[in-house]
Structure formats: C-alpha cells, structure tokens
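Everything below concerns the one structure shown next.
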Amino acid sequence: VSTGVAASMREIPLLSYRIVVGRGALKTVGDVAAAAGVSARFALISDAVVSKAYGPVVERALGKSVRSFVMPIGESHKTRDTWARLTDELIAAGFGRDTCIVALGGGVVGDVAGFVAATYMRGVPVIHLPTSLLAMIDASIGGKTGVDTPAGKNLVGAFHQPAAVVVDPDVLSTLPAEHLRAGLAEAIKHGAIRDAAYFDSISSHLRSPSSQQLDLEWLTDLVIRGIEIKASVVATDEREHGLRKTLNFGHTIGHAVEVLSNYRMLHGEAVAIGMAVEADIAERIGVADRETANAIRSVLRQAGLPTASGFPAKDVLNATRTDKKSRGGRVEYALPKRVGAMAGAESGWSVPVPDEVVQQALDASD
Ligand SMILES: NC(=O)c1ccc[n+]([C@@H]2O[C@H](COP(=O)([O-])OP(=O)(O)OC[C@H]3O[C@@H](n4cnc5c(N)ncnc54)[C@H](O)[C@@H]3O)[C@@H](O)[C@H]2O)c1
Ligand SMILES: [Zn+2]
C-alpha cells in the first residue's frame, strides 16, 4: 500500500471495530484485515455490477487467499434463497471456520453477506466494503444483517458486528444518480434526527449550482459525518432498545410504501416519502415544531426525492401493521421534535399515533 493512500485515511473511533474512510481506501483492505486479525481465507461477496467494477482491486488488496462469489443485483434478491445459495457455494468451495467474508457492494450485498457471515458455521467475521452512499453512511455501520420475506422487509436476520468497515468514496463516481439520491435520503435523515448543521449543509450544497457535478471531496465529508452520526447512535444502543429507534424516522411509512411497490421503489426513495409523511404526523399530533415538515420536504425536493407515494392511504396504513417495528400490535413511529432533534425521549423514542392522524397525513401528502 502506498503511504500516500494510507496517510489520507480517516478513522472513526466510536465503535469496537475500525471504520476507515478515505479516497483510495479499497487498496488498504488487506492491511486493515490483517490488523483486525482476520486474514485467513477470504470469501468476497458482491453483486454482478460491483464485482466487475471493483472486485479485481479488492482481490489484489486481499492477496492470494481470496475467492469471489457473485449474487444477483437488487432488493428482490435480498432473500433466504440467495442466503442459502451463497452458503452452499461456500460449503462446496471448502470454506471452514477460518473464513472471513468480505462484503463488497451496496446495502443489499452488505445485509445478505453479513447474514451469511452471522450464520456460517455459527458465525465468521465480516468486513464491509460499502460501495453505495446509503451503505457507506448507514447499512454498513451497526451490525444489522438480514433478508426480506414476502411479508415484509428484514424480517429474518441477526445482529453481527463487522470486524472492520473500509469506505472508499471514490467508488461513488460510478454509482447511478438515482442511487446517489437514495443515499442522500439517509444523510438527510441523519441530519434531521441529530445534527441540524449537517442538515443545513446538505441543503445549501444542493442549492448551489455546482451541486449538479459530482463532488467527491464534498461527498467524502458527507460520508465521514454521516458515519459519525450513525455510529454515535449505535454506540449507545447497539440492540435498538432506545435511542437507535430514532434512526427509524421515515421508516415506518417508508417500509410500508417499499413493500407496496413490490420493492420497485428504492429504499431511499421510500424513506424520503416516509420522512415527509412522518414529519407531518409529528406536527399534527403536536410533538414537532411548526415548519419542521416543510424544512424536511423542501430539502428532499432539492435532492430530487419523492415526498408522496401515490398509493391509497388505507393500503399504506395496512402495510404498516406488518412492520417489524410494531410491538404488541401497535405501530411505532420515531418522530422529530424539530430538525436536528427527535421527540419521545421519555417514551423510549417511539411515539404512538392514532390511525386517523396517519390517514390524514397520507391524504395530505403530495
Ligand atoms: N443493515 C442496516 O442497518 C441497513 C441500514 C439501511 C439500509 N439497509 C438496507 O440497504 C439496502 C439498500 O442499499 P442500497 O441502496 O445500497 O442497495 P443495493 O445494494 O441494491 O445497491 C444499489 C445499486 O447500486 C449498485 N451499486 C452499488 N455501488 C455501486 C458503485 N460504486 N458503482 C456502481 N454501481 C453500484 C448496485 O449494483 C445496485 O444496483 C436495503 O435493503 C436496506 O434495507 C440496511
Ligand atoms: Zn434506511
């Protein structure tokens, strides 16, 4: 590894594992793995597109003992079937307990490969190499792994903390624009729940004319702060008994809409709609300051993200009931108090909402 690359790496020291961020960081993954003590046999799991673009550089960085496995692209393949196939391929290839899974890709690859790692021979280490903006600032941090079932998202899975996370923002240069936008939705969420300055910096960047061009320096800063926010939440509440629930802002309505669209809508797009509707809910029941929903809607629109689903309100409402976040049959919402702060500290960061209010907010969304 050239010292040039190593010197420009940033470490985010909030969790028990290393998170290394920097342009060119993919080249350091072999060193990071060695330092984490997991340099035995690597099973590199990726999807078809990402594997083609970045598989070779990662294979080189990992050294001799690496074999690649490719899964099909997209949320519709985040299934038990893909998990089973990958697991069977690992067994057939003779991978033992000294395996280290390396997950190279977006959140779909990270969630499936992480779940393979969580269960393979009762659990082997995983290193995440997130390649989408969403996976960099969200999915790769915090140890949630899993797959979807026809009844809903992420209904089967496990907590499995990674051995390390290595983030190279340079790969964002090939990420399709709609996926960059979808990742921005989660960045906007991080700002909305915890950091008004971050939220404002996204908004002012999107207002500047130069925001039409890909700005990898700006994205690198966005990613670093995004990871810090996510990691700071996860560090205090790894298993989502309290504060971590704030990360679910936009996700109760978001998951409902995502399922209703048969996963044709991107996760980030669905979350954008969810945040717009849930911020409105928060104002309607009086937990959020006035103008909170407006501020959130307006930055979402600047980012080119949707704020309404077009599905009938009663269908969305029904779909919220199978969400994992429902407890004792009651649907839970993580709602903002204002941009940068969440409501519900006294009630475990989840706020009960009457069906009529959800219905009204959905009807009013546009
Ligand atoms: N585990 C968690 O805590 C957590 C948190 C948030 C989201 N998620 C999950 O993440 C998933 C969404 O992640 P996603 O949006 O990254 O989806 P994804 O993995 O499907 O990636 C999006 C698309 O971009 C392509 N791609 C990725 N990186 C690329 C690159 N650098 N260049 C070119 N193409 C690239 C992929 O091939 C894919 O087509 C959802 O399933 C969601 O539930 C998990
Ligand atoms: Zn999300």
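Start at 1 and go down the list; that is how both ligands and their atoms are numbered.
Of the possible donor and acceptor atoms, one in the side chain of D237 sits under 3.5 Å from a partner among the backbone N and O of L243. The closest donor-acceptor contact from the side chain of R23 to the backbone of P169 lies at 3.5 Å or more, if one exists at all.
T131 OG1, 3.5 Å is the protein heavy atom nearest to atom 27 (C) of ligand 1. In this structure, the protein non-hydrogen atom closest to atom 43 (O) of ligand 1 is K153 NZ, 2.8 Å. With respect to atom 7 (C) of ligand 1, the closest heavy atom belonging to the protein is L134 CD2, 3.5 Å. Looking only at protein heavy atoms, the nearest one to atom 33 (C) of ligand 1 is T174 O, 3.1 Å. Here the protein heavy atom with the shortest distance to atom 9 (C) of ligand 1 is D111 OD2, 3.4 Å. Protein heavy atom closest to atom 21 (O) of ligand 1, with residue, atom name and distance, is G106 CA, 3.9 Å. With respect to atom 34 (N) of ligand 1, the closest heavy atom belonging to the protein is P176 CD, 3.6 Å. In terms of protein heavy-atom proximity, atom 10 (O) of ligand 1 is closest to G107 CA, 3.3 Å.
Residue contacts with ligand 1 for L266 are absent, since no atom lies close enough (heavy atoms, distance under 4.0 Å). The part of H179 lying near ligand 1 is the side chain, judged by heavy-atom distances below 4.0 Å.
Between E186 and K230 no salt bridge is recorded (no basic side-chain N to carboxylate O distance below 4.0 Å). At a threshold of 4.0 Å, the pair D98-R41 does not count as salt-bridged, since none of the basic side-chain nitrogens sits closer than that to a carboxylate oxygen. Salt bridge status for D355 with K314: absent, with no side-chain N to carboxylate O gap under 4.0 Å. The pair E59-R67 fails the salt-bridge criterion, with no side-chain N (NZ, NE, NH1 or NH2) lying under 4.0 Å from an Asp/Glu carboxylate O. Salt bridge status for D195 with R225: present, with a side-chain N to carboxylate O gap under 4.0 Å. Ion pairing between a basic and an acidic side chain is recognised when a charged N comes within 4.0 Å of a carboxylate O; E75 and R264 show no such pairing. Between D81 and R85 there is a salt bridge, since a side-chain N of the basic residue sits under 4.0 Å from a carboxylate O of the acidic one.
Considering backbone and side-chain N/O atoms, D138 never comes within less than 3.5 Å of an N/O atom of ligand 1. At least one N/O-N/O distance between V108 and ligand 1 falls below 3.5 Å. Any N or O atom pair closer than 3.5 Å counts here, and R244 shares no such pair with ligand 1. Taking any N or O of I73, backbone or side chain, none lies under 3.5 Å from an N or O belonging to ligand 1. When only interatomic distances are considered, the shortest N/O to N/O separation between E75 and ligand 1 falls below 3.5 Å.
The contact set between ligand 1 and S132, taken as ligand atoms under 4.0 Å from a residue heavy atom, comprises 14 (P), 16 (O), 28 (N). Less than 4.0 angstrom separates some heavy atom of Y54 from each of these atoms of ligand 1: 31 (N). Of all the atoms in ligand 1, the ones that sit under 4.0 Å from a non-hydrogen atom of K144 are 1 (N), 3 (O).
The shortest heavy-atom distance from K230 to ligand 1 is under 4.0 Å.
To the nearest 0.5 Å, atom CZ of residue R80 and atom CZ of residue F115 are 9.5 Å apart. Summarising the geometry, atom CG belonging to L206 is positioned 9.0 Å from atom OG belonging to S201; distances are rounded to the nearest 0.5 Å.
Between H267 and H255, the angle of the ring planes lies from 30° to 60°, which puts this pair in the tilted group.
Rounding to the nearest 10°, we obtain 100° for the angle at the Zn ion (ligand 2) between H267 NE2 and H251 NE2.
Among the backbone and side-chain atoms of D138, no N/O/S atom is found under 2.8 Å from the Zn ion (ligand 2).
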Distance-only donor-acceptor hits, side chain of residues 171-178, under 3.5 Å, sequence neighbours excluded:
| unit_1 | atom_1 | unit_2 | atom_2 | d |
| --- | --- | --- | --- | --- |
| S173 | OG | D170 | O | 2.9 |
| T174 | OG1 | Y54 | OH | 2.6 |
| T174 | OG1 | V171 | O | 3.1 |

